[in-house]
Student: 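Quick one: this structure, given as structure tokens, is what I'll be asking you about.
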Amino acid sequence: MEFDVVIVGAGPAGLSAACRLMQQAQAAEQELTVCVVEKGSEVGAHILSGAVIEPRALNELFPDWAEQGAPLKTAVTEDQIYLLSDEQQARKIPNALAPKTMHNHGNYIASLGNLCRWLGEQAEALGVEIFPGFAAAEVLYHADGSVKGIATGDMGVGRDGQPKDSYMPGMELHAKYTLFTEGCRGHLGKQLISRFALDKDADPQHYGIGIKELWDIDPAKHQPGLVVHGAGWPLSGKEYGGTNGGFFLYHGDNNQVVVGLIIDLNYANPWLSPFDEFQRMKHHPLFAQYLDGGKRVAYGARAIAKGGFNSLPKMTMPGALLLGCDAGTLNFSKIKGTHTAMKSGMLAAEAVFEALAAGDEGGRDLVSFTDRFKDSWLYDDLFRSRNFGPALHKFGTWLGGAFNYLDQNLFGGKIPVTLHDTQADYAQLKPAEQCPRIEYPKPDGKLSFDKLSSVFLSNANHDEDQPCHLQLKDAGIPLATNLPTWAEPAQRFCPAGVYEVLNEPSGPRFQINAQNCVHCKTCDIKDPSQNITWVAPEGGGGPSYPNM
């Protein structure tokens, strides 16, 4: 199938690009064919974010979004920031002492999945073709090496690699320009970065894992518009060796709150389990005061790209652009990536349409996008926060926080020094024998839960009779290398119980429960041997997140 533009991923970057392309085409009365492929069963099914949304990009894309019914209903009314001293104590930080980027006046508590569903409706109304349930499995190239488009994955292939009765071959989607907007650690984006050496002038990308739950709570405890952020316990103990992370609790609408924990994936102790840290955290009185008596209704996890400005790769290559969290445009100082992803998609749409309107037949490296990017508020937004993550990594929560306060509040993000963090996250894991073992309490089924019941609430589902989408470069490494050196950390860093080491009479056996996968990409990032490669399973598989 031939299109002018193919977009991979129906997230905020991809859908904003699609809408902006068609807006320009209609204004110029020019024919344009735009296709979006989405591996989730529907638009929004795989979207997971906090989320407090800064509407700056949305204001530009659809100035009348409120009249058109965009699902941003709950404006932020109050910010609270806490430092947890231990499992009982919390110290409230005055807003005046917090970095300005943590202030959320003018922002909205919302479901990013629902916002993407709404953006999808706007895109289709503008004439965009959206194909949910089709996973982009392969990048296609012209003979000259430029990107030609993508191929979707075959459907109905058995675990043995042979076609089943339900077999349906994938489609080739050719385009003059292809926009890759797969989200954090996109598997095709990862290939493109390597093939075109897009990151040769950038710091290594850095990541966190975000784990989130949606709760129905007692209406008497609900405070619509309240945003709570903070750090400290449980990650502040000596056994964590300087592990960075932060929590969030947002009061949305319909008597619901979202609660979550983000842990930087540069942590050193292989005994750490992000899932169990999150479950333990909810017992702190700061969270229990709202969650006690409530009902957990949804669960999910997703990696976030937090390297920011210093880790941005080159975002253009012949025939294609890499956008949004696929490139790493999240502003970590704000803990926000929606407005930045949307703006990157809109800038790309403007560069692509300008080229096509001038008769471009595709395949070029659209460096005009880079000029637009450098002239935009997006570049300024990311530049001003370039030191935020490196400061926390280098100096820790207290000194790093003090540096960021000075940088953001006194220098406006333009302090005359740039900090760098040049060690990849996976390389910072220490041998298990050098680290104290972390013991976790059993879940009580009221505030804390086990992995399997949590995965059930993510609605994750994959056909078990398909090739495993979690590929090992060397099947022997988990037991021969990772187990003796790092106590095989995959069984702990995965938040969905995908990886297990089973003790059998014949010895330990490494098992991959691929059907549990929630597509968070943590294994692809954190595996210390870099032995796991996440590839797209059959389209339509994975989680199906409601209101997340």
Side-chain angles (χ1 to χ4, degrees), residues 82-90 208-213 230-247 259-288 291-292 296 299 301 396-397 425-426 428-455 478-479 481-504 507-511 513 516 518 520 522-523 526-528:
Y82 288 89
L83 185 68
L84 304 189
S85 308
D86 54 34
E87 66 270 21
Q88 290 293 326
Q89 304 299 314
I209 177 174
I211 304 176
K212 171 185 173 180
E213 292 175 349
W233 182 89
L235 302 178
S236 55
K238 292 182 180 179
E239 66 270 31
Y240 296 94
T243 298
N244 294 299
F247 59 78
V259 58
L261 176 66
I262 298 171
I263 295 180
D264 288 6
L265 286 177
N266 69 338
Y267 66 81
N269 188 337
W271 297 108
L272 188 149
S273 166
F275 174 87
D276 292 298
E277 295 296 345
F278 173 53
Q279 297 305 319
R280 168 157 56 187
M281 183 196 82
K282 289 179 291 175
H283 286 273
H284 194 284
L286 180 67
F287 306 99
L291 302 181
D292 268 334
R296 186 178 70 146
Y299 165 87
T397 300
D425 291 342
Y426 73 86
Q428 303 197 41
L429 209 60
K430 293 181 178 178
E433 64 181 13
Q434 297 180 15
C435 301
R437 190 161 185 155
I438 303 173
E439 301 293 341
Y440 294 102
K442 290 183 178 181
D444 68 353
K446 297 177 181 178
L447 292 177
S448 51
F449 305 89
D450 62 20
K451 285 184 180 179
L452 290 183
S453 66
S454 300
V455 172
L479 297 181
T481 302
N482 287 2
L483 185 60
T485 307
W486 297 286
E488 185 42 274
Q491 56 190 324
R492 289 176 294 279
F493 61 57
C494 173
V498 170
Y499 302 98
E500 292 184 285
V501 176
L502 303 177
N503 294 311
E504 299 183 342
R509 179 170 64 87
F510 187 66
Q511 178 167 294
N513 306 308
N516 286 6
V518 295
C520 74
T522 303
C523 57
K526 188 60 176 174
D527 177 50

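Source: prediction; values computed, not measured. Numbers here are sequence positions counted from 1.
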Student: Gly245 and Leu235: which non-hydrogen atoms are nearest, and at how many Å?
Tutor: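 That would be CA-CD1, 3.8 Å.
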
Student: Answer yes or no: is there a side-chain heavy-atom contact under 4.5 Å between His284 and Phe247?
Tutor: no

Student: What distance separates Arg492 CZ from Lys526 NZ, expressed to the nearest 0.5 Å?
Tutor: 12.0 Å

Student: State the CG-CD distance between Leu272 and Glu277, to the nearest 0.5 angstrom.
Tutor: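 So the gap between those two atoms works out to 5.0 Å.
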
Student: Would you say Glu433 has more than 12 foreign heavy atoms packed within less than 6.0 Å of its CD?
Tutor: no

Student: Hey, does Val498 have a side-chain heavy atom less than 4.5 Å from the side chain of Cys523?
Tutor: no

Student: Can you see which heavy atom on Ala432 is nearest to which on Trp486, and at what distance?
Tutor: CB-C, 3.9 Å

Student: Kindly indicate whether the side chain of Asn516, heavy atoms from C-beta on, has any atom under 4.5 Å from the side chain of Leu452.
Tutor: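 The answer is yes, as the side chains (C-beta and beyond) meet within the 4.5 Å cut-off.
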
Student: Stepwise, does the side-chain contact (heavy atoms from CB on, under 4.5 Å) test hold for Thr243 with Asp264?
Tutor: CA-CA 7 Å; Thr243 298; Asp264 288 6; 5.9 Å; no

Student: Minimum heavy-atom separation for Gly208 to Ile262, with atom names?
Tutor: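 In this case the closest contact between Gly208 and Ile262 is CA-CG2, 4.5 Å.
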
Student: Considering all heavy atoms of both residues, which atom of Ala301 and which atom of Ile211 are nearest to each other, and what is their separation?
Tutor: CB-CG1, 4.2 Å

Student: Enter the distance from Thr485:OG1 to Lys430:NZ here, rounded to the nearest 0.5 Å.
Tutor: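 One gets 15.5 Å once the value is rounded to the nearest 0.5 Å.
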
Student: Just verifying a value: how many Å separate Ser448 OG and Tyr440 OH, rounded to the nearest 0.5 Å?
Tutor: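 So the OG of Ser448 and the OH of Tyr440 are separated by 13.5 Å.
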
Student: Is there a donor-acceptor pair under 3.5 Å between the side chain of Asp86 and the backbone N or O of Trp233?
Tutor: no

Student: Could you pull out the closest heavy-atom pair between Phe287 and Leu84, with the gap in Å?
Tutor: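 So the minimum-distance heavy-atom pair works out to CE1-CD1, 4.0 Å.
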
Student: For the residue pair Phe278 and Ile263, establish whether any side-chain heavy-atom pair is separated by less than 4.5 Å.
Tutor: no

Student: Quick check: does any side chain N or O of Asp444 sit under 3.5 Å from a backbone N or O of Lys446, one acting as donor and the other as acceptor?
Tutor: yes

Student: Show the nearest heavy-atom pair for residues Gln279 and Arg296, with the distance to one decimal.
Tutor: NE2-NH1, 4.5 Å

Student: When rounded to the nearest 0.5 angstrom, what distance separates CD in Glu439 from CG in Asp276?
Tutor: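 Taking CD in Glu439 and CG in Asp276, the distance rounds to 10.5 Å.
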
Student: Rounded to the nearest 0.5 Å, what separation is found between the CG atom of Asp450 and the CZ atom of Phe275?
Tutor: 6.5 Å

Student: With the side chain counted from C-beta on, respond yes when Phe510 and Tyr499 share a heavy-atom pair under 4.5 Å apart, and no when they do not.
Tutor: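 The answer is yes, as the side chains (C-beta and beyond) meet within the 4.5 Å cut-off.
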
Student: Quick one: which of Thr481, Asn482, Leu479 gives a side chain to side chain contact (heavy atoms under 4.5 Å, CB included) with Glu488?
Tutor: Asn482

Student: Are a donor atom and an acceptor atom from the side chains of Asn513 and Glu500 found within less than 3.5 Å of each other?
Tutor: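 Side-chain D/A pair, Asn513 to Glu500: present.
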
Student: Say whether, by atom type as modelled, one donor and one acceptor occur between the side chain of Lys238 and the main chain of Pro436 under 3.5 angstrom.
Tutor: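 Absent.
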
Student: Using side-chain contact (heavy atoms from CB on, under 4.5 Å), reason through Leu429 and Tyr267 one step at a time and then give a plain yes or no.
Tutor: CA-CA 6 Å; Leu429 209 60; Tyr267 66 81; 3.8 Å; yes

Student: For the aromatic rings, using the six-membered ring if either is Trp, is the centroid distance between Tyr299 and Phe449 under 6.0 Å?
Tutor: no

Student: Are Glu87 and Pro234 close enough that some pair of their side-chain heavy atoms sits under 4.5 Å apart?
Tutor: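 The answer is no, as the side chains (C-beta and beyond) never meet within the 4.5 Å cut-off.
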
Student: Looking at Cys435, is its backbone amide N or carbonyl O close enough to the side chain of Asn269 to form a donor-acceptor pair, meaning the two atoms are under 3.5 Å apart?
Tutor: no

